[in-house]
Amino acid sequence: MSTAPGGPRALSLETLVRLRRGRPSGSRTPDTPRRLSVPEGMMAPLGCDAVGTPTRLGPLLMPRMPRVGCVYADEAHWWWIVPSDSDHALRWPAPTRYATGALVAGSPGVPGLIHQPAGILPYTPPIPLYLAVCRLTGTAPAWSRPVIA
């Protein structure tokens with residue numbers, strides 16, 4: 001659906017869902033969310049979300065990954081860039097934090113880039129990251145948990 005130049009812009013259902021998911025829930029904090037930006041020269045054709053892991057887990061996760069994408073760090077978390085919707089039908093185990101749109105809130109400082117992969121894609125593969133986080137936190141992956149009827 002198109003509109004005349006300068007007229008209202010129609011938003012797709014997908015865009016509206018992404019906007020809603022990116023909005024913080026509950027009460028607002030004075031902390032301004034920060035978007036982790038992809039370094040210049042890199043492309044993010046699948047969009048970007050971020051998975052935050054406690055800083056202590058970062059060095060343990062790095063060697064377990066078949067590929068490490070862009071990783072940002074602040075005092076409390078390492079933020080791994082993953083394709084958008086890497087949380088679809090998947091509950092990331094505590095103490096990880098999932099940031100839709102790579103919009104990081106509640107960070108004690110501005111996360112800085114600590115790892116940039118060779119090539120043009122910024123992504124860490126989400127399934128190996130998820131499995132490594134599950135292993136390090138002692139959490140069974142969601143699909144291996146017993147189903148209670």
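Asp49 contributes atom CG, which lies 6.0 Å from atom OG of Ser86 (distance to the nearest 0.5 angstrom). Here the CG-CG distance, from Leu36 to Leu113, works out to 9.5 Å after rounding to the nearest 0.5 Å. Between the CG atom of Asp87 and the OH atom of Tyr130 there is a distance of 11.5 Å, given to the nearest 0.5 Å. Distance check, rounded to the nearest 0.5 Å: CG of Leu90 to CH2 of Trp92 gives 6.0 Å.
By the side chain to side chain contact (heavy atoms under 4.5 Å, CB included) test, Arg35 pairs with Leu103, sequence neighbours left out. Partners of Thr137 according to the side chain to side chain contact (heavy atoms under 4.5 Å, CB included) rule, which considers only residues two or more places apart in sequence or in another chain, are Leu57, Pro93, Pro95, Val133, Thr139. For Arg135, the side chain to side chain contact (heavy atoms under 4.5 Å, CB included) partners two or more places apart in sequence, or in a different chain, are Arg64.
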Could you pull out every donor-acceptor pair under 3.5 Å between side chains of residues 75-83 and any protein atom, sequence neighbours left out?
| from | atom 1 | to | atom 2 | distance (Å) |
| --- | --- | --- | --- | --- |
| Trp79 | NE1 | Asp74 | OD2 | 3.3 |
| Trp80 | NE1 | Thr53 | OG1 | 3.1 |

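In terms of heavy atoms, Pro125 sits closest to Pro128 at O-CD, 3.4 Å. Closest heavy-atom contact between Cys70 and Pro39: SG-CD, 3.6 Å. Minimum interatomic distance between Pro122 and Ala44 (heavy atoms only, all atoms of both residues): CG-CB, 4.2 Å.
Side chain of Arg97 to main chain of Ala105: a donor-acceptor pair is present (N/O by atom type, distance under 3.5 Å, no hydrogens or angles).
You'll find the side chain of Thr124 stays beyond 4.5 Å of the side chain of Arg67, heavy atoms only.
Here side chain to side chain donor-acceptor pair (under 3.5 Å) pairs that include residues 114-123, with residues two or more places apart or in two chains, number zero.
With a 4.5 Å cut-off between side-chain heavy atoms of Ile, Leu, Val, Met, Phe, Trp and Tyr, the cluster of Met42 takes in Val38.
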